[in-house]
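Here the structure is a predicted model, which is why all the values come from computation and not from measurement. Residue numbering restarts at 1 for every chain, and letters A, B, ... go by the order of the sequence lines.
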Number of protein chains: 2
Amino acid sequence: METLRERKKQRTRDALLRTALELFTTQGYEQTTVDDIAGAVDVSQRTFFRYFAGKEEAALALQDITVEHFLEAVRERPPHEAPMEALRQAVLEGWDTLNEVVEAVVPIALYLRMYRVIESTPVLLAAHLRRSAEIEEAIAGILAEREGVDVDADPRPRLAVAVFGGVMRLTERQWSTGEDFSLDAMRALAVSHLEQVGPALSESWRTR
Amino acid sequence: METLRERKKQRTRDALLRTALELFTTQGYEQTTVDDIAGAVDVSQRTFFRYFAGKEEAALALQDITVEHFLEAVRERPPHEAPMEALRQAVLEGWDTLNEVVEAVVPIALYLRMYRVIESTPVLLAAHLRRSAEIEEAIAGILAEREGVDVDADPRPRLAVAVFGGVMRLTERQWSTGEDFSLDAMRALAVSHLEQVGPALSESWRTR
DNA sequence: AGGCTAATGACAGCCGCTGACAATTGACAA
DNA sequence: TTGTCAATTGTCAGCGGCTGTCATTAGCCT
(Lines give C-alpha, C1' and ligand atoms only; values in the text may rest on other atoms or scores of the structure.)
Protein backbone atom coordinates (compact mmCIF):
# COMPACT_ATOMS: atom_id res chain seq x y z
CA MET A 1 0.00 0.00 0.00
CA GLU A 2 2.91 2.28 -0.71
CA THR A 3 2.48 3.98 -4.02
CA LEU A 4 -0.31 6.34 -4.95
CA ARG A 5 -1.42 3.90 -7.56
CA GLU A 6 -1.98 1.16 -5.04
CA ARG A 7 -3.83 3.45 -2.66
CA LYS A 8 -6.04 4.62 -5.48
CA LYS A 9 -6.84 1.07 -6.50
CA GLN A 10 -7.74 0.19 -2.96
CA ARG A 11 -10.00 3.21 -2.66
CA THR A 12 -11.78 2.30 -5.88
CA ARG A 13 -12.32 -1.25 -4.73
CA ASP A 14 -13.58 -0.14 -1.36
CA ALA A 15 -15.91 2.39 -2.93
CA LEU A 16 -17.29 -0.20 -5.33
CA LEU A 17 -17.82 -2.74 -2.58
CA ARG A 18 -19.40 -0.34 -0.14
CA THR A 19 -21.64 1.16 -2.80
CA ALA A 20 -22.65 -2.27 -4.03
CA LEU A 21 -23.58 -3.50 -0.56
CA GLU A 22 -25.39 -0.28 0.20
CA LEU A 23 -27.46 -0.62 -2.94
CA PHE A 24 -28.05 -4.33 -2.48
CA THR A 25 -29.32 -3.83 1.05
CA THR A 26 -31.56 -0.91 0.17
CA GLN A 27 -33.07 -1.66 -3.24
CA GLY A 28 -32.34 -5.35 -3.38
CA TYR A 29 -29.77 -7.43 -5.26
CA GLU A 30 -31.72 -8.12 -8.43
CA GLN A 31 -32.93 -4.54 -8.63
CA THR A 32 -29.39 -3.24 -8.54
CA THR A 33 -27.58 -3.02 -11.84
CA VAL A 34 -23.84 -3.17 -12.26
CA ASP A 35 -24.25 0.08 -14.12
CA ASP A 36 -25.93 1.51 -11.01
CA ILE A 37 -22.93 0.61 -8.90
CA ALA A 38 -20.33 1.75 -11.37
CA GLY A 39 -22.27 4.92 -12.03
CA ALA A 40 -22.53 5.75 -8.33
CA VAL A 41 -18.77 5.39 -7.99
CA ASP A 42 -18.30 7.26 -11.25
CA VAL A 43 -16.43 4.49 -12.94
CA SER A 44 -17.08 2.54 -16.10
CA GLN A 45 -18.92 -0.76 -15.95
CA ARG A 46 -15.83 -2.42 -17.34
CA THR A 47 -13.83 -1.28 -14.32
CA PHE A 48 -16.28 -2.91 -11.94
CA PHE A 49 -15.63 -6.22 -13.63
CA ARG A 50 -11.90 -5.67 -13.29
CA TYR A 51 -12.29 -5.63 -9.51
CA PHE A 52 -15.00 -8.25 -9.14
CA ALA A 53 -15.54 -11.35 -11.21
CA GLY A 54 -19.25 -10.61 -11.13
CA LYS A 55 -22.11 -9.07 -9.19
CA GLU A 56 -22.18 -12.16 -7.03
CA GLU A 57 -18.59 -11.83 -5.95
CA ALA A 58 -19.20 -8.33 -4.69
CA ALA A 59 -22.26 -9.46 -2.77
CA LEU A 60 -20.34 -12.27 -1.12
CA ALA A 61 -17.04 -10.48 -0.58
CA LEU A 62 -17.65 -10.01 3.13
CA GLN A 63 -18.30 -13.70 3.58
CA ASP A 64 -14.80 -14.38 2.35
CA ILE A 65 -13.39 -12.29 5.13
CA THR A 66 -15.43 -13.90 7.88
CA VAL A 67 -14.84 -17.38 6.54
CA GLU A 68 -11.11 -16.84 6.63
CA HIS A 69 -11.47 -15.54 10.16
CA PHE A 70 -13.37 -18.64 11.16
CA LEU A 71 -10.87 -20.99 9.53
CA GLU A 72 -8.11 -19.28 11.49
CA ALA A 73 -10.06 -19.83 14.69
CA VAL A 74 -10.36 -23.53 13.94
CA ARG A 75 -6.63 -23.85 13.27
CA GLU A 76 -5.83 -22.25 16.59
CA ARG A 77 -7.92 -24.57 18.72
CA PRO A 78 -5.89 -26.57 21.24
CA PRO A 79 -5.20 -30.10 20.01
CA HIS A 80 -6.66 -31.81 23.05
CA GLU A 81 -10.21 -30.73 22.24
CA ALA A 82 -12.48 -33.28 20.63
CA PRO A 83 -13.21 -32.47 16.97
CA MET A 84 -16.79 -31.30 17.35
CA GLU A 85 -15.94 -29.32 20.44
CA ALA A 86 -13.13 -27.57 18.59
CA LEU A 87 -15.52 -26.54 15.84
CA ARG A 88 -18.04 -25.36 18.39
CA GLN A 89 -15.51 -23.25 20.23
CA ALA A 90 -14.11 -21.90 16.98
CA VAL A 91 -17.43 -20.46 15.84
CA LEU A 92 -18.24 -19.00 19.23
CA GLU A 93 -14.85 -17.43 19.63
CA GLY A 94 -14.86 -16.38 15.98
CA TRP A 95 -18.06 -14.42 16.49
CA ASP A 96 -16.60 -12.74 19.54
CA THR A 97 -13.86 -11.20 17.48
CA LEU A 98 -15.82 -10.77 14.27
CA ASN A 99 -16.62 -7.16 14.97
CA GLU A 100 -13.12 -5.85 14.52
CA VAL A 101 -12.46 -7.91 11.43
CA VAL A 102 -15.58 -6.71 9.67
CA GLU A 103 -15.43 -3.10 10.82
CA ALA A 104 -12.07 -2.81 9.12
CA VAL A 105 -13.95 -2.93 5.85
CA VAL A 106 -17.56 -1.90 6.40
CA PRO A 107 -19.85 -1.15 9.33
CA ILE A 108 -20.91 -4.35 11.04
CA ALA A 109 -24.53 -3.34 10.63
CA LEU A 110 -24.10 -3.40 6.87
CA TYR A 111 -22.60 -6.86 7.14
CA LEU A 112 -25.59 -8.14 9.08
CA ARG A 113 -28.07 -6.55 6.70
CA MET A 114 -26.24 -8.06 3.75
CA TYR A 115 -26.40 -11.45 5.41
CA ARG A 116 -30.18 -11.26 5.30
CA VAL A 117 -30.15 -10.19 1.67
CA ILE A 118 -28.06 -13.21 0.81
CA GLU A 119 -30.37 -15.53 2.66
CA SER A 120 -33.45 -14.10 0.95
CA THR A 121 -32.09 -13.84 -2.60
CA PRO A 122 -32.25 -17.25 -4.28
CA VAL A 123 -29.24 -16.85 -6.55
CA LEU A 124 -27.11 -15.47 -3.72
CA LEU A 125 -28.20 -18.15 -1.30
CA ALA A 126 -27.30 -20.75 -3.88
CA ALA A 127 -23.83 -19.30 -4.35
CA HIS A 128 -23.41 -19.03 -0.61
CA LEU A 129 -24.30 -22.68 -0.12
CA ARG A 130 -21.84 -23.74 -2.76
CA ARG A 131 -19.09 -21.79 -1.06
CA SER A 132 -20.06 -23.36 2.23
CA ALA A 133 -19.51 -26.74 0.65
CA GLU A 134 -16.02 -25.73 -0.37
CA ILE A 135 -15.30 -24.46 3.10
CA GLU A 136 -16.42 -27.74 4.59
CA GLU A 137 -13.82 -29.47 2.52
CA ALA A 138 -11.16 -27.16 3.90
CA ILE A 139 -12.29 -27.70 7.47
CA ALA A 140 -12.30 -31.45 6.97
CA GLY A 141 -8.67 -31.16 6.00
CA ILE A 142 -7.80 -29.15 9.08
CA LEU A 143 -9.64 -31.58 11.32
CA ALA A 144 -7.94 -34.56 9.75
CA GLU A 145 -4.53 -33.06 10.31
CA ARG A 146 -5.39 -32.18 13.91
CA GLU A 147 -6.39 -35.75 14.62
CA GLY A 148 -3.70 -37.33 12.54
CA VAL A 149 -5.96 -39.20 10.15
CA ASP A 150 -6.15 -39.38 6.37
CA VAL A 151 -9.05 -37.35 4.94
CA ASP A 152 -9.52 -39.71 2.05
CA ALA A 153 -9.15 -42.94 3.96
CA ASP A 154 -11.14 -42.00 7.06
CA PRO A 155 -14.67 -40.69 6.47
CA ARG A 156 -14.98 -39.21 9.96
CA PRO A 157 -13.50 -35.76 9.27
CA ARG A 158 -15.83 -35.07 6.38
CA LEU A 159 -18.76 -36.61 8.23
CA ALA A 160 -18.23 -34.50 11.32
CA VAL A 161 -17.90 -31.37 9.21
CA ALA A 162 -20.98 -32.27 7.17
CA VAL A 163 -23.02 -32.59 10.33
CA PHE A 164 -21.61 -29.45 11.85
CA GLY A 165 -22.11 -27.57 8.62
CA GLY A 166 -25.69 -28.74 8.38
CA VAL A 167 -26.41 -27.46 11.85
CA MET A 168 -24.70 -24.15 11.16
CA ARG A 169 -26.63 -23.56 7.98
CA LEU A 170 -29.84 -24.27 9.81
CA THR A 171 -28.73 -21.73 12.38
CA GLU A 172 -28.04 -19.13 9.70
CA ARG A 173 -31.43 -19.67 8.15
CA GLN A 174 -33.33 -19.48 11.39
CA TRP A 175 -31.42 -16.39 12.42
CA SER A 176 -32.03 -14.58 9.16
CA THR A 177 -35.78 -15.19 9.35
CA GLY A 178 -36.08 -14.33 13.03
CA GLU A 179 -36.57 -10.96 14.62
CA ASP A 180 -33.34 -10.45 16.49
CA PHE A 181 -30.61 -9.63 13.99
CA SER A 182 -27.80 -9.38 16.48
CA LEU A 183 -24.72 -11.53 16.69
CA ASP A 184 -25.80 -12.52 20.19
CA ALA A 185 -29.02 -13.95 18.84
CA MET A 186 -27.09 -16.00 16.32
CA ARG A 187 -24.71 -17.25 18.96
CA ALA A 188 -27.57 -18.27 21.22
CA LEU A 189 -29.22 -20.13 18.36
CA ALA A 190 -26.03 -21.97 17.51
CA VAL A 191 -25.44 -23.03 21.10
CA SER A 192 -28.99 -24.23 21.43
CA HIS A 193 -28.83 -26.22 18.21
CA LEU A 194 -25.52 -27.82 19.02
CA GLU A 195 -26.88 -28.88 22.40
CA GLN A 196 -29.95 -30.47 20.93
CA VAL A 197 -28.44 -32.15 17.94
CA GLY A 198 -27.52 -35.25 19.91
CA PRO A 199 -31.00 -35.90 21.27
CA ALA A 200 -32.53 -35.18 17.88
CA LEU A 201 -30.60 -38.06 16.34
CA SER A 202 -30.83 -41.04 18.62
CA GLU A 203 -33.85 -40.85 20.89
CA SER A 204 -37.38 -41.49 19.90
CA TRP A 205 -38.99 -38.08 20.14
CA ARG A 206 -42.22 -39.44 21.51
CA THR A 207 -40.84 -40.94 24.71
CA ARG A 208 -40.27 -37.98 26.92
CA MET B 1 -52.88 -36.38 -22.53
CA GLU B 2 -56.05 -36.59 -24.57
CA THR B 3 -56.05 -34.05 -27.31
CA LEU B 4 -53.54 -33.77 -30.10
CA ARG B 5 -52.49 -30.42 -28.73
CA GLU B 6 -51.55 -31.85 -25.37
CA ARG B 7 -49.65 -34.73 -26.93
CA LYS B 8 -47.75 -32.32 -29.12
CA LYS B 9 -46.84 -30.16 -26.18
CA GLN B 10 -45.61 -33.14 -24.26
CA ARG B 11 -43.51 -34.28 -27.18
CA THR B 12 -41.94 -30.84 -27.53
CA ARG B 13 -41.11 -30.69 -23.84
CA ASP B 14 -39.65 -34.17 -23.88
CA ALA B 15 -37.58 -33.39 -26.93
CA LEU B 16 -36.27 -30.18 -25.39
CA LEU B 17 -35.40 -31.89 -22.13
CA ARG B 18 -33.75 -34.89 -23.72
CA THR B 19 -31.81 -32.76 -26.17
CA ALA B 20 -30.73 -30.39 -23.43
CA LEU B 21 -29.48 -33.19 -21.18
CA GLU B 22 -27.78 -34.87 -24.09
CA LEU B 23 -25.94 -31.69 -24.98
CA PHE B 24 -25.13 -30.84 -21.36
CA THR B 25 -23.61 -34.25 -20.76
CA THR B 26 -21.60 -34.27 -23.96
CA GLN B 27 -20.34 -30.72 -24.50
CA GLY B 28 -20.90 -29.40 -21.01
CA TYR B 29 -23.49 -27.09 -19.50
CA GLU B 30 -21.77 -23.76 -20.03
CA GLN B 31 -20.75 -24.70 -23.55
CA THR B 32 -24.34 -25.41 -24.48
CA THR B 33 -26.41 -22.49 -25.65
CA VAL B 34 -30.17 -22.27 -25.37
CA ASP B 35 -30.08 -21.61 -29.07
CA ASP B 36 -28.24 -24.90 -29.52
CA ILE B 37 -31.00 -26.76 -27.74
CA ALA B 38 -33.85 -24.96 -29.45
CA GLY B 39 -32.12 -25.30 -32.78
CA ALA B 40 -31.60 -29.04 -32.37
CA VAL B 41 -35.30 -29.48 -31.63
CA ASP B 42 -36.13 -27.05 -34.44
CA VAL B 43 -38.00 -24.67 -32.27
CA SER B 44 -37.52 -21.00 -31.51
CA GLN B 45 -35.50 -19.92 -28.50
CA ARG B 46 -38.63 -18.27 -27.12
CA THR B 47 -40.41 -21.59 -27.07
CA PHE B 48 -37.69 -23.13 -24.95
CA PHE B 49 -38.31 -20.47 -22.33
CA ARG B 50 -42.01 -21.20 -22.44
CA TYR B 51 -41.33 -24.74 -21.29
CA PHE B 52 -38.46 -24.07 -18.89
CA ALA B 53 -37.94 -21.04 -16.71
CA GLY B 54 -34.27 -21.12 -17.68
CA LYS B 55 -31.36 -23.29 -18.70
CA GLU B 56 -30.95 -24.29 -15.09
CA GLU B 57 -34.45 -25.62 -14.76
CA ALA B 58 -33.92 -27.95 -17.68
CA ALA B 59 -30.65 -29.18 -16.21
CA LEU B 60 -32.30 -29.91 -12.87
CA ALA B 61 -35.63 -31.20 -14.15
CA LEU B 62 -34.76 -34.81 -13.41
CA GLN B 63 -33.90 -33.95 -9.83
CA ASP B 64 -37.46 -32.75 -9.35
CA ILE B 65 -38.75 -36.15 -10.28
CA THR B 66 -36.44 -38.08 -8.01
CA VAL B 67 -36.97 -35.67 -5.13
CA GLU B 68 -40.70 -36.13 -5.35
CA HIS B 69 -40.12 -39.87 -5.41
CA PHE B 70 -38.01 -39.65 -2.30
CA LEU B 71 -40.52 -37.46 -0.46
CA GLU B 72 -43.19 -40.02 -1.22
CA ALA B 73 -41.00 -42.74 0.22
CA VAL B 74 -40.58 -40.76 3.43
CA ARG B 75 -44.32 -40.22 3.78
CA GLU B 76 -44.96 -43.92 3.44
CA ARG B 77 -42.61 -45.04 6.20
CA PRO B 78 -44.36 -46.86 9.05
CA PRO B 79 -44.95 -44.54 12.02
CA HIS B 80 -43.17 -46.76 14.52
CA GLU B 81 -39.74 -46.15 12.99
CA ALA B 82 -37.47 -43.65 14.66
CA PRO B 83 -37.06 -40.44 12.62
CA MET B 84 -33.52 -41.02 11.40
CA GLU B 85 -34.25 -44.64 10.62
CA ALA B 86 -37.27 -43.61 8.58
CA LEU B 87 -35.13 -41.25 6.52
CA ARG B 88 -32.51 -43.92 6.08
CA GLN B 89 -34.99 -46.50 4.89
CA ALA B 90 -36.68 -43.99 2.64
CA VAL B 91 -33.54 -43.21 0.67
CA LEU B 92 -32.56 -46.84 0.38
CA GLU B 93 -35.97 -47.93 -0.72
CA GLY B 94 -36.28 -44.86 -2.95
CA TRP B 95 -33.16 -45.84 -4.84
CA ASP B 96 -34.47 -49.36 -5.29
CA THR B 97 -37.43 -48.08 -7.24
CA LEU B 98 -35.72 -45.11 -8.85
CA ASN B 99 -35.05 -46.94 -12.08
CA GLU B 100 -38.67 -47.15 -13.21
CA VAL B 101 -39.41 -43.57 -12.25
CA VAL B 102 -36.49 -42.16 -14.19
CA GLU B 103 -36.72 -44.46 -17.18
CA ALA B 104 -40.24 -43.15 -17.77
CA VAL B 105 -38.59 -39.94 -18.90
CA VAL B 106 -35.01 -40.61 -19.94
CA PRO B 107 -32.54 -43.49 -19.84
CA ILE B 108 -31.19 -43.97 -16.34
CA ALA B 109 -27.66 -43.71 -17.69
CA LEU B 110 -28.37 -40.17 -18.86
CA TYR B 111 -29.67 -39.34 -15.40
CA LEU B 112 -26.49 -40.57 -13.77
CA ARG B 113 -24.29 -38.73 -16.22
CA MET B 114 -26.26 -35.54 -15.66
CA TYR B 115 -25.79 -35.96 -11.94
CA ARG B 116 -22.06 -35.70 -12.42
CA VAL B 117 -22.42 -32.66 -14.64
CA ILE B 118 -24.42 -30.95 -11.92
CA GLU B 119 -21.85 -31.78 -9.31
CA SER B 120 -19.00 -30.48 -11.43
CA THR B 121 -20.65 -27.31 -12.75
CA PRO B 122 -20.44 -24.56 -10.12
CA VAL B 123 -23.63 -22.75 -11.02
CA LEU B 124 -25.60 -25.98 -11.23
CA LEU B 125 -24.19 -27.29 -7.99
CA ALA B 126 -25.17 -24.03 -6.32
CA ALA B 127 -28.72 -24.28 -7.60
CA HIS B 128 -28.85 -27.92 -6.58
CA LEU B 129 -27.76 -27.11 -3.06
CA ARG B 130 -30.36 -24.39 -2.74
CA ARG B 131 -33.05 -26.79 -3.82
CA SER B 132 -31.76 -29.31 -1.32
CA ALA B 133 -32.26 -26.72 1.39
CA GLU B 134 -35.86 -26.29 0.35
CA ILE B 135 -36.39 -30.00 0.36
CA GLU B 136 -35.00 -30.24 3.85
CA GLU B 137 -37.66 -27.84 4.98
CA ALA B 138 -40.33 -30.06 3.45
CA ILE B 139 -38.92 -33.17 5.07
CA ALA B 140 -38.75 -31.46 8.43
CA GLY B 141 -42.46 -30.82 8.09
CA ILE B 142 -43.20 -34.44 7.29
CA LEU B 143 -41.08 -35.62 10.19
CA ALA B 144 -42.74 -33.23 12.60
CA GLU B 145 -46.16 -34.44 11.60
CA ARG B 146 -45.09 -38.07 11.94
CA GLU B 147 -43.86 -37.48 15.44
CA GLY B 148 -46.61 -35.14 16.44
CA VAL B 149 -44.44 -32.14 17.25
CA ASP B 150 -44.52 -28.52 16.12
CA VAL B 151 -41.84 -27.71 13.55
CA ASP B 152 -41.45 -24.19 14.76
CA ALA B 153 -41.51 -24.90 18.47
CA ASP B 154 -39.36 -28.02 18.47
CA PRO B 155 -35.95 -27.73 16.77
CA ARG B 156 -35.47 -31.47 16.53
CA PRO B 157 -37.17 -32.09 13.16
CA ARG B 158 -35.10 -29.47 11.37
CA LEU B 159 -31.96 -30.54 13.22
CA ALA B 160 -32.36 -34.19 12.32
CA VAL B 161 -33.00 -33.28 8.71
CA ALA B 162 -30.04 -30.90 8.62
CA VAL B 163 -27.76 -33.66 9.83
CA PHE B 164 -29.23 -36.22 7.49
CA GLY B 165 -29.05 -33.79 4.60
CA GLY B 166 -25.44 -32.98 5.37
CA VAL B 167 -24.53 -36.63 5.27
CA MET B 168 -26.45 -37.20 2.06
CA ARG B 169 -24.80 -34.29 0.31
CA LEU B 170 -21.43 -35.62 1.34
CA THR B 171 -22.48 -38.94 -0.12
CA GLU B 172 -23.50 -37.33 -3.39
CA ARG B 173 -20.22 -35.51 -3.66
CA GLN B 174 -18.09 -38.54 -2.91
CA TRP B 175 -20.05 -40.63 -5.32
CA SER B 176 -19.79 -38.13 -8.14
CA THR B 177 -16.02 -37.91 -7.79
CA GLY B 178 -15.48 -41.65 -7.40
CA GLU B 179 -15.05 -44.24 -10.07
CA ASP B 180 -18.15 -46.36 -9.70
CA PHE B 181 -21.08 -44.43 -11.11
CA SER B 182 -23.73 -47.00 -10.31
CA LEU B 183 -26.66 -46.64 -8.00
CA ASP B 184 -25.28 -49.54 -5.98
CA ALA B 185 -22.10 -47.61 -5.30
CA MET B 186 -24.11 -44.66 -4.08
CA ARG B 187 -26.23 -46.85 -1.86
CA ALA B 188 -23.16 -48.47 -0.35
CA LEU B 189 -21.62 -45.08 0.35
CA ALA B 190 -24.77 -43.82 2.02
CA VAL B 191 -25.06 -46.88 4.24
CA SER B 192 -21.44 -46.60 5.24
CA HIS B 193 -21.73 -42.92 6.04
CA LEU B 194 -24.89 -43.32 8.06
CA GLU B 195 -23.23 -46.07 10.07
CA GLN B 196 -20.21 -43.99 10.87
CA VAL B 197 -21.84 -40.68 11.57
CA GLY B 198 -22.46 -41.55 15.19
CA PRO B 199 -18.85 -42.42 16.01
CA ALA B 200 -17.61 -39.39 14.10
CA LEU B 201 -19.49 -37.07 16.43
CA SER B 202 -18.93 -38.20 19.98
CA GLU B 203 -15.79 -40.26 20.34
CA SER B 204 -12.31 -38.93 20.37
CA TRP B 205 -10.88 -40.22 17.10
CA ARG B 206 -7.49 -40.91 18.59
CA THR B 207 -8.57 -43.50 21.13
CA ARG B 208 -8.97 -46.60 19.10
C1' DA C 1 11.17 15.69 -19.35
C1' DG C 2 10.23 11.56 -21.47
C1' DG C 3 9.61 6.70 -21.94
C1' DC C 4 7.36 2.67 -19.77
C1' DT C 5 3.63 0.29 -17.77
C1' DA C 6 -0.53 -0.18 -15.25
C1' DA C 7 -5.35 1.35 -14.94
C1' DT C 8 -9.28 3.01 -17.20
C1' DG C 9 -12.73 4.06 -20.75
C1' DA C 10 -15.15 3.22 -24.98
C1' DC C 11 -17.00 0.06 -28.07
C1' DA C 12 -18.69 -4.14 -29.98
C1' DG C 13 -20.62 -8.40 -29.19
C1' DC C 14 -22.34 -12.95 -26.94
C1' DC C 15 -25.71 -15.12 -24.04
C1' DG C 16 -29.65 -15.60 -20.92
C1' DC C 17 -34.00 -13.94 -20.48
C1' DT C 18 -38.54 -11.11 -21.10
C1' DG C 19 -42.42 -8.45 -23.11
C1' DA C 20 -45.29 -7.58 -27.00
C1' DC C 21 -47.54 -8.62 -31.09
C1' DA C 22 -48.54 -11.15 -35.10
C1' DA C 23 -49.07 -15.64 -37.37
C1' DT C 24 -50.25 -20.36 -37.09
C1' DT C 25 -52.66 -24.35 -35.66
C1' DG C 26 -55.66 -27.33 -33.10
C1' DA C 27 -60.53 -27.50 -30.69
C1' DC C 28 -65.25 -27.27 -30.98
C1' DA C 29 -69.84 -25.96 -32.31
C1' DA C 30 -73.04 -24.57 -35.84
C1' DT D 1 -67.21 -28.57 -43.40
C1' DT D 2 -66.55 -24.49 -42.13
C1' DG D 3 -65.97 -20.68 -39.26
C1' DT D 4 -64.91 -18.96 -34.75
C1' DC D 5 -62.22 -19.04 -30.63
C1' DA D 6 -58.27 -20.07 -27.97
C1' DA D 7 -53.83 -21.98 -27.39
C1' DT D 8 -49.11 -22.37 -29.27
C1' DT D 9 -45.48 -20.60 -31.62
C1' DG D 10 -42.34 -17.32 -34.09
C1' DT D 11 -40.39 -12.83 -34.65
C1' DC D 12 -38.56 -8.80 -33.03
C1' DA D 13 -36.85 -5.53 -29.87
C1' DG D 14 -34.53 -4.80 -25.77
C1' DC D 15 -32.26 -5.29 -21.00
C1' DG D 16 -28.58 -6.89 -17.98
C1' DG D 17 -24.42 -9.59 -17.02
C1' DC D 18 -20.13 -10.37 -18.81
C1' DT D 19 -15.81 -10.47 -22.05
C1' DG D 20 -12.35 -9.18 -25.60
C1' DT D 21 -10.07 -5.48 -27.85
C1' DC D 22 -7.93 -1.31 -28.43
C1' DA D 23 -7.10 3.41 -27.61
C1' DT D 24 -6.43 6.78 -23.80
C1' DT D 25 -5.06 8.32 -19.43
C1' DA D 26 -2.25 8.55 -15.45
C1' DG D 27 1.20 7.11 -12.13
C1' DC D 28 6.17 5.47 -12.02
C1' DC D 29 11.00 5.68 -12.66
C1' DT D 30 15.40 7.24 -14.67
Side-chain angles (χ1 to χ4, degrees), chain A residues 1-17 19-21 23-24 26-61 117-118 121-128 130-131, chain B residues 1-17 19-21 23-24 26-61 117-118 121-128 130-131:
Chain A
M1 212 62 55
E2 258 317 292
T3 75
L4 168 61
R5 220 182 226 159
E6 278 167 329
R7 267 178 285 131
K8 226 171 170 179
K9 259 178 77 174
Q10 190 60 44
R11 266 195 292 123
T12 306
R13 206 198 120 95
D14 285 358
L16 282 172
L17 181 56
T19 306
L21 297 182
L23 290 175
F24 292 161
T26 50
Q27 14 173 300
Y29 177 76
E30 314 270 17
Q31 286 67 44
T32 304
T33 268
V34 173
D35 282 327
D36 290 344
I37 304 168
V41 182
D42 206 60
V43 144
S44 76
Q45 191 214 47
R46 196 64 182 83
T47 293
F48 174 91
F49 286 110
R50 289 203 175 94
Y51 283 96
F52 300 96
K55 237 174 95 174
E56 238 180 58
E57 192 179 291
L60 299 176
V117 173
I118 293 171
T121 306
V123 56
L124 285 184
L125 178 57
H128 174 64
R130 183 172 57 77
R131 287 169 167 230
Chain B
M1 213 61 57
E2 258 317 291
T3 74
L4 167 60
R5 221 178 225 164
E6 278 168 327
R7 268 178 284 131
K8 225 171 171 179
K9 260 178 74 174
Q10 190 60 44
R11 264 195 293 124
T12 306
R13 206 197 119 95
D14 285 358
L16 282 172
L17 181 56
T19 306
L21 297 182
L23 290 174
F24 292 160
T26 50
Q27 12 174 301
Y29 177 75
E30 314 270 16
Q31 287 67 43
T32 303
T33 268
V34 173
D35 281 328
D36 289 345
I37 305 166
V41 182
D42 206 61
V43 144
S44 77
Q45 190 213 47
R46 197 63 181 87
T47 293
F48 174 91
F49 287 111
R50 289 201 175 94
Y51 283 95
F52 300 97
K55 236 173 97 173
E56 238 180 59
E57 192 179 292
L60 299 177
V117 173
I118 293 171
T121 305
V123 55
L124 285 185
L125 178 57
H128 175 64
R130 184 172 57 76
R131 286 170 168 229

Could you list, one pair per line, each protein nitrogen or oxygen that sits under 3.5 Å from a nitrogen or oxygen of nucleotides 28-30 of chain D, together with the distance?
unit_1	atom_1	unit_2	atom_2	d
D:dC28	OP1	A:T3	OG1	3.1
D:dC28	OP1	A:L4	N	2.8
D:dC28	OP1	A:R5	N	3.0

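- For the OP1/OP2 pair of C:dT25 and a distance below 4.0 Å, the side-chain nitrogens and oxygens of B:K8 include no atom meeting the criterion.
- Pairs passing the side chain to side chain donor-acceptor pair (under 3.5 Å) check and including a residue from residues 46-61 of chain A, sequence neighbours excluded, read A:S44-A:T47.
- Under the rule for a ring-ring contact (aromatic ring centres under 6.0 Å, His included), the partners of A:F52 that lie at least two apart in sequence or sit in another chain are A:F48.
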Check nucleotides 1-3 of chain C for protein N or O atoms closer than 3.5 Å to its own N or O atoms and list the pairs.
none

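- The side chain to side chain donor-acceptor pair (under 3.5 Å) test applied to B:Q27 returns B:T32, not counting sequence neighbours.
- Non-hydrogen atoms lying under 4.0 Å from DNA chain D are contributed by B:S44, B:R46, B:T47, B:R50, B:Y51, all within residues 44-55 of chain B.
- Judged as a side chain to side chain contact (heavy atoms under 4.5 Å, CB included), and not counting sequence neighbours, the contacts of A:A59 are A:F24, A:Y29, A:M114, A:L124.
- Put simply, CD on B:E30 is 14 Å from C1' on C:dC14, counting in whole angstrom units.
- When the P atom of C:dA6 is taken as reference, atom CD of A:Q10 falls 19 Å away, rounded to whole Å.
- For the side chain to side chain donor-acceptor pair (under 3.5 Å) test, no residue two or more places apart in sequence or in another chain qualifies with B:D36.
- Residues meeting the side chain to side chain contact (heavy atoms under 4.5 Å, CB included) test with A:D35, sequence neighbours left out: A:T33, A:Q45.
- With rounding to the nearest 0.5 angstrom, the CZ atom of B:R7 is 11.5 Å from the CD atom of B:Q10.
- The two residues A:I37 and A:A20 have their closest heavy-atom pair at CD1-CB, 3.8 Å.
- Residues passing the salt bridge (charged side-chain N to carboxylate O under 4.0 Å, His left out) test with B:R13, sequence neighbours excluded: none.
- Counting all heavy atoms, side chain and backbone alike, B:H128 lies closest to B:L60 at N-CD1, 4.2 Å.
- Taking CZ of B:R5 as the reference point, atom NZ of B:K8 lies at 10.0 Å (rounded to 0.5 Å).
- Taking each heavy atom of B:T19 and B:A40 in turn, the nearest pair found is CG2-CB, 3.6 Å.
- Near DNA chain C, meaning a heavy atom under 4.0 Å away, the residues from residues 31-40 of chain B are B:T32, B:T33, B:V34.
- The minimum heavy-atom distance between A:A58 and A:L21, with the atom names listed, is O-CD2, 3.9 Å.
- Between A:K9 and C:dA6 there is no side-chain polar atom (N or O) within less than 4.0 angstrom of OP1 or OP2.
- If you take CZ of B:R11 and P of C:dG26, they are 10 Å apart, rounded to a whole angstrom.
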